[in-house]
Amino acid sequence: MPELPEVETVRRSLATRLPGRRIEALDIQQPQLRNLLQPAALRRQLVGTQVVRVARRAKYLLLHLSSADVLVLHLGMSGRLALVAAATALEPHTHARIHLDDGMELRFRDPRRFGMLFVVSQEQLERHPRFVHLGPEPLTAAFTPLYLQQRARGLKRPVKNFLMDAGVVVGVGNIYASEALYRARVHPATPARRLTLQRWQRVHAAVRATLRHALRAGGTTLRDFRAADGRAGEFRVRLAVYGREGEACRRCSRVLRRAVQSGRSTFYCPGCQR
DNA sequence: CGGGCGGCCTGGAGGC
DNA sequence: TGCCTCCAGGCCGCCC
């Protein structure tokens, strides 16, 4: 589900509400997510701590705690976080409930259970196996056209797969990889090593613009996605290629196509993207 | 070692 | 209505 704009949207919706709240209790209904939750250990680490701030790295949400630990949450494909009154009826696939000191509850739901939840010390976070290999954030100065060109040196994998590799750049998933390449007018199957610096400049700018616009719209809701306050994202109507196979390109009117790359759908315009 | 692929899960859509 | 297949926004381990 959620790529950078969606995770960042969730972060923002939590950042106005969570800091200062104390965790009073934790209920685990279903410990088997992507990682196996250890209810007793989690309770020991979380209960009694205060949320200090809500951050994000790649597609991970980071709840920094007063204990100098970090509660790390990943939404996988279908995960949702909701901040609701404790009396709210329990919805299906609610795996974890974090009870707060103001009568609210942070609920983690995830039908497909590809999501993750774990605690790591702030100090160890960057060295954690899930974090240590991560590339730069696309909206920071570390992400440049030259960086892309250098990382692509010698790689014959398609540029779309390259952009979706979190070791190259984080936060770009299947929707925004297609959208950004359309915006950059680069064919998704182009071997990464074939792109000139000039084209990397276009790709770089397109990745950033696409993510920024999606962020401004509160992300893309295809089906599941909601911010923590329940709001859906509005970017779906602005998608230029994703999910629009068979429809007309808005730029050149050619029929948009779908292809499969490494088992994932890619959408592109055969006229605009060479 | 780069990189494609299957597997992890459930549910929705569409075909018959 | 039911049953089947395919597909889905992520990530990792296996294998060539």
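Chain identifiers are assigned alphabetically (A, B, ...) following the order of the sequence lines, protein sequences preceding nucleic acid strands; residue numbering begins at 1 within each chain. For clarity, every value in this text was computed on a predicted model and none was experimentally measured.
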Rounded to whole Å, CG of Leu222(A) lies from P of dA13(B) at a distance of 13 Å
Nearest-angstrom distance from the residue atom CZ of Phe162(A) to P of dG4(B): 13 Å
Closest approach to the side chain of [X], judged atom by atom: which nucleotide of [options] is it?
X: Pro111(A); options: dG10(C), dC9(B), dG11(B); answer: dG11(B)
X: Tyr60(A); options: dC12(C), dG4(B), dT10(B); answer: dC12(C)
X: Gln32(A); options: dA8(C), dC9(B), dC12(C); answer: dC9(B)
X: Pro158(A); options: dG10(C), dG4(B), dG2(B); answer: dG4(B)
X: Lys156(A); options: dG4(B), dC12(C), dG3(B); answer: dG3(B)
X: Asn174(A); options: dG10(C), dG3(B), dT10(B); answer: dG10(C)
X: Arg223(A); options: dC11(C), dG12(B), dT10(B); answer: dG12(B)
X: Asp224(A); options: dG4(B), dG9(C), dC11(C); answer: dG9(C)
X: Arg258(A); options: dC7(C), dC11(C), dG3(B); answer: dC7(C)

Between Glu6(A) and Tyr176(A), is any side-chain donor less than 3.5 angstrom from a side-chain acceptor? yes
Under a 4.0 Å threshold between the charged nitrogen and the carboxylate oxygen, would [Y] count as salt-bridged to [X]?
X: Arg57(A); Y: Glu137(A); answer: yes
X: Arg238(A); Y: Glu179(A); answer: no
X: Arg151(A); Y: Asp165(A); answer: no
X: Asp110(A); Y: Arg80(A); answer: no

Under 6.0 Å between ring centres, would you say that holds for Phe162(A) and Trp200(A)? yes
Look at the rings of His128(A) and Phe118(A) and say which category their plane angle falls in: under 30° parallel, 30 to 60° tilted, over 60° perpendicular. parallel
Quick one: is [X] getting a side-chain N or O under 4.0 Å of the [N] phosphate, OP1 or OP2?
X: Asn161(A); N: dG4(B); answer: yes
X: His93(A); N: dG11(B); answer: yes
X: Arg113(A); N: dT10(B); answer: yes
X: Arg264(A); N: dA8(C); answer: no
X: Tyr176(A); N: dG9(C); answer: no
X: Arg236(A); N: dG9(C); answer: no

For DNA chain B, what dot-bracket results from Watson-Crick or G-U pairs at under 3.5 Å, with [ ] for crossers and | for inter-strand partners? .|||||||.|||||||
What about Arg112(A), does its side chain sit under 3.5 Å from the base of dC9(B) through a donor-acceptor pair? yes
Using the six-membered ring for Trp and the full ring for Phe, Tyr or His, decide whether Phe114(A) stacks on the six-membered base ring of dG10(C) (centres under 5.5 Å, planes under 30°). yes
Considering only heavy atoms from C-beta outward, does the side chain of Asn174(A) approach that of Lys160(A) to under 4.5 Å? yes
